[in-house]
Every structure is written in C-alpha cells, then in structure tokens.
2 protein chains.
Amino acid sequence: MKKTATIKDIARELNLHHTTVSRALRNHPDVNERTRETVLKMADELNYEPNVFATGLRSQKSKVIGIIVPEISHDFFSSIVSEITNRADETGYSVMICQSNETPEREIENVAAMLSNRVAGIIAAISVNTSCYEHFERVLRRSTPLVFFDRVCHECDTDKVMLDFYGGAVQVVQHLIDQGYRRIAHVAGPTSLSGVRERLQGYTDTLQKNGLSVDERLIVHGGFLPEHGIFGAEKLLPHHPDALFCVDDQVALGAMMRLRAEGFHIPEQIAIAGFDNDQIAQYVEPSLTTVDIRRTEMGQAAVDLLIEQICGKKRPFRTVRIKSELIVRAST
Amino acid sequence: MKKTATIKDIARELNLHHTTVSRALRNHPDVNERTRETVLKMADELNYEPNVFATGLRSQKSKVIGIIVPEISHDFFSSIVSEITNRADETGYSVMICQSNETPEREIENVAAMLSNRVAGIIAAISVNTSCYEHFERVLRRSTPLVFFDRVCHECDTDKVMLDFYGGAVQVVQHLIDQGYRRIAHVAGPTSLSGVRERLQGYTDTLQKNGLSVDERLIVHGGFLPEHGIFGAEKLLPHHPDALFCVDDQVALGAMMRLRAEGFHIPEQIAIAGFDNDQIAQYVEPSLTTVDIRRTEMGQAAVDLLIEQICGKKRPFRTVRIKSELIVRAST
DNA sequence: ATGAAAGCGCTAACAA
DNA sequence: TTGTTAGCGCTTTCAT
C-alpha cells in the first residue's frame, strides 16, 4: 500500500508546523486566512486524506454505523439496509453490515465484530431464536448507542423502532371479514417474536370483536419463508378455511403457490393476505393484499435515533411506532 | 463512551511492561508460558479488546472489506452481498457497504468513502451510467485491492468475476427455438453494460445459427426493473412476438404482468424467459424459465480474489467466469 | 524472558 | 497567529 500524504507532508512542503496544518484543515479560527488557503491547496495537490485510524485513536470515536440483520437477502431487510445506508450517507456516516442467519450464535459474533470495530453505534433486528440478550446488554454496558428495529428486544432499555403489527393485523382481518370471509385462518410465525404475537392478538381480537369464534385449528405456526407458507396451507386445508392471513408476503407467496397447485381459485374460493408489502406483492397473480410498513420512514427513524444517541443528546429512550397501511389488491 | 481496557491496564494489574502483554496476547515465542497464562486470564477478566484504531494506525491495514453495489435491495445484489458477507466472516473480515443508486456521482462518493475508511480492499459492481472510470483508477493507483463482479469495468486492470451472459443467453434462446417459438423478442438492458451486450450477442448469434433472421423491431432496450418489462412488452406487442427473452427476472415479471393484463396465455401464446433466477422466479404463475448464476460461487470467488490481493500474492490479475445454467420452468 | 524507547497520524493544551 | 509538547494504544527494534 503506497502511503498517502499526511499533515506532516503538507507541513514540510509549506515550511509550517503540522499542528498549523491540522488547524487549517479543520477551520480552526486561530489561523491566518492566507495560510489556510495555501494549506488547502497543498492538501488537494497531495491528495491528502485524513487518516481515520489516527483520528479514531485520538477521539475514540468513529463515523461508522453497524447494522445487524437476520438475513441480508430478504426483501424486507435488504430494503431497510438500503434505507439506513442512504440515510447514513446523508449524515456523513458509513455502514458496516453483519447477518446472523437467524442464529443466536452468529448474532453474538456479529455484536462482537461490531464492538471490536469500534462502531459509533449499532442498529439491529434480532434473530428468531435469540432468547438470551446478554450480548446486547454488553453493548449497553459499554455505552455504545443501540437501536432495535422490527424485531426488538423488550428486555433491553434503549431506543426501538417498531411496526404496528397489531394495527396492521386488525386492518387485514377486518378487511377480510368485510369482504364476507368467515373461516379466516392465520399462518403465523414463531411466537418467540413479539411482532408475531402482536399479529396473532390482532387476528383473534378482530375475529371476536366481529362475533366470530377463534378456531385453534385455523392457526398454524412456521417461519417467514415461502416453504412455511406451502406447509401452512397444507396443514390448514383439511379445516376448510376461506381466507389465509399470512405472517408475511413470502409466506403468502408459498401458500398461494400451494393453493394454486390444489386448483383453488383465488380470491373466489380462498383469499390470501400477507404482510410487509414486498416488491413482488404487486406482480404475482393475483396481486397480493398486504400491509405496507413505510420502510423509508423506518430506516430513517432508526438512523436518526441512533445519531441522537451518538451525539449524546440527553433524553429518555424512545420507542417509535411506524404506522401500518392496508394495501388491498386482487387476492382478497 | 466508557473506555475499555488497554494492554497498559493489563500490564499495571500484573506488574508487567505493556510490551510483554502485547507479546503474550499475540503468542510471541519470547514469553514465559506462565506469564502468558496470567496475561490471558487478566485480559479476559478486564474484557480486553484490541483497539482497531491503534493497530490500524501502526500497521496501516484494516480487516474491513468494502462493497459497492448499484442497489442493495435488488434480489441479485442483496444475495451477492449476503454471500460476500458470509465469506468475509469466515475469513475474519468485516464488511462495509455502499450503494450508488445507479448514479456515477454517488459511485464516486462511495469509492471516496471506502478509501477514506481505509478499507483493506473493495468489491464493486458498477452503476449503469458509469462511463468514466477515474475513481476506480484512483483506487488502483493507491494500490488498494479491487475486484469487480457482474458489472465490470473492462478498462481497469484488476481481478474480475464475470457471469457467462453470452452462454446463458445462448441456452435460453436455443431452448425457446427448440420449443418451437420463432418470433423471439429480446427485452434488453442498457447497452452501456457489457453484460447486456453479451446477452444481445448470444441472442442474435443463436437466432442466426438456427437460420432465423434478426428483426430489429423485436429488440427493445430498457433497465432492470419490472416497469421496464411492462414498457418493453407494450412496445413489442404490435410486432407479434411469440416469446420474450428478458434481460433479467424483474423485467420478465413486469412483462408477464403486462401480457396477462392483455389476456395472453403464457406459455401457449407467448413464452417468457428471464435471467438471474431470482427467488420469486419459482413462485410466480406460471413459474419463470430463467438462467441461474450460482450466487454463492460468485460471492466467494470475489472475496477469495480480493483476499489474495490483500495478502500480496504476486500473480497476474485474473478474470473468473461463473457458469450459467438454464432453469426451465412453466413459462416456456 | 522482559523492559525501554520510538513512532504510526492526529489533536488538545500550553507557550511564545 | 504559529510552534512545542504530549499522548491516544499498539508494535517493532534494540538493550538488558
């Protein structure tokens, strides 16, 4: 690696002391205007680039935000990562990324990697199976700023950006009931996640509010992937549902595939609704009714909260709720 | 930020000099076995974590790989980022990410951000509109390791991981011809990208090899998103194609949507084929014939080439070609 | 086997 | 307004 110019190189060229150069570059008031100009010119000429290791070593701060997600390649998470990256960019931060692959072990390593890289703060969505939060507690003990989003850790006292899963589920189920569906099934996710429990609660509450009974046989649990939708549909069909409310769009996609294979007409014989408003939801046939969750707003909120923490704004921790919006399409 | 323990803290606790501690921690041979043990124990006790700023400052090296992609949230790129991240993890590197949003301006900023963060190396796919490569030349001039993938810069002398676009296109078009389709259209991408030109070449070569003429009206150019497929289908329909070979699956999805809206039966009246084998390709109705490109292999190759460069292996730059494989599904 | 000294590039405090 | 000194945490060289 050919070494790049340092402030000392600039100083030598200009017969100045490197501290003067340092001041000039950082617009310190105590520096002659003409000196500053020559310094800036020389810096440009020598392609000077401040050394992050040196500034980091002195300040013990970095301009890097760490993101930890379960799976980078999922539509929802990749969108959020994209939004976070854009927002971070706007505010002068770079982004470091890790994925837990939905395992607590990897998640622990992810956290360790972030801390070892001395990131300015961490934005995280926990993995499905995380039940011990010691690694996140350690982040807080080191007073490294931390913001959870989507899949939050309720036990941890820090900022959170949460979706309105309950409200979203209520909207979907009410919509299905309004459309005349009566045997509404729920292809749920793993109950270890609060968002899954909230959707379930919204589902049962709305059924009961409308005088419909909750049939346990119409509730199945799985994961967030298409195969879980396929499997869920198979388990539900013997109980003759007339609508499927799926925990997310990927699951809805799998369920839709299975139902089509069985020759069902959607939405005439069975309706399907998802959650997340993945990009494909509008391109499948029939297009999928789902709940949109304002990903841009979510990503920005996460970054903004984190930066407030980084900047040391003294304030109580906050939980931001992102609004859900029902998107009605052809599948219901 | 509560400061973490340093080697000096450990040294003080143990009445040793910090250099001895440093040696002990790095398994230097010149250190008493019992001393090493007590040092390791104390390091663990104090939650010692080496300071990356200090080691970076001394060594002028980091253990961070930078990735630059056009759009993080596209199925293809997010998969590749995921694969790269996994591979980097295995080899002890962390990953920093940027997206150009398909604009050269942002791409230039991305490169600057990576260099300013002193990453160990950069893995990049260039944006559609990048025509000047000065920013990448600068990377090479600073002898920062650089590997292009998918969308490569031919003018830059460095490692490249390329897809076999030509071979993939040949397979798709030959398959369509074998299935009896004769008026095969191509919804192409922007010709600024070599991968797009290679697919186009594979398309025309295969038509001609089979004694079919190339009808310019059956070739349209656009981008990589569903809307470009919708638009492409509209422009092609007046010329009565019986098959559409699309530049990627997203475009195929859009085209499929448009054709369905027009009441066409797929694949009876019109066949559709894509490229990339996005996750949804198997879930749409009808499932989409496409070309798979071994994303894991691609991500690993990119990381492995980069790490070879980082480790200073003296060797000529290489171009790795990733095999394409036709995936026949219901849409043809 | 351990310690001392020096320096990576930068900035803050103090001196001139 | 500019220069001097010192130190962030670490490793390398040389001395003991």
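Each chain gets a letter, A, B and so on, in the order the sequences are listed, and its residues count up from 1.
- Listed in residue order, the members of residues 38-51 of chain A having a heavy atom less than 4.0 Å from DNA chain C are A:Tyr48, A:Pro50, A:Asn51.
- To the nearest angstrom, C1' of C:dA1 lies 11 Å from CZ of B:Arg36.
- Within the 4.0 Å cut-off from OP1 or OP2 of C:dA4, at least one side-chain nitrogen or oxygen of B:His17 is found.
- Note: CZ (B:Arg34) to P (C:dA1) measures 14 Å, nearest angstrom.
- The interatomic distance linking A:Asn15 (CG) with D:dG3 (C1') rounds to 13 Å, in whole Å.
- The CZ-P distance, from B:Arg23 to D:dG9, rounds to 20 Å in whole Å.
- A sub-4.0 Å separation between OP1 or OP2 of C:dT11 and a side-chain N or O of A:Arg26 is present.
- Checked against a 6.0 Å centroid threshold, the rings of A:Phe136 and A:Phe148 count as neighbours.
- OP1 and OP2 of D:dC10 both lie 4.0 Å or more from every side-chain N or O belonging to B:Ser22.
- Contact check, A:Thr19 against D:dG3: no side-chain N or O comes under 4.0 Å of OP1 or OP2.
- For B:Ser59 and C:dC8, the shortest distance from a side-chain N or O to OP1 or OP2 is not below 4.0 Å.
- Side-chain nitrogen and oxygen atoms of A:Thr55 include none within less than 4.0 Å of the OP1 or OP2 phosphate oxygen of C:dC10.
- No more than 12 heavy-atom neighbours from other residues, nucleotides or ligands sit within 6.0 angstrom of CZ on A:Arg34.
- As a whole-Å value, the separation of B:Ile10 CD1 from D:dG9 P is 12 Å.
- Put simply, CG on A:Leu57 is 12 Å from P on D:dT11, counting in whole angstrom units.
- Remark: C1' of C:dG7 and CD1 of A:Ile7 are 14 Å apart, rounded to the nearest angstrom.
- B:Glu37 has its CD atom 15 Å from the C1' atom of C:dA1, to the nearest Å.
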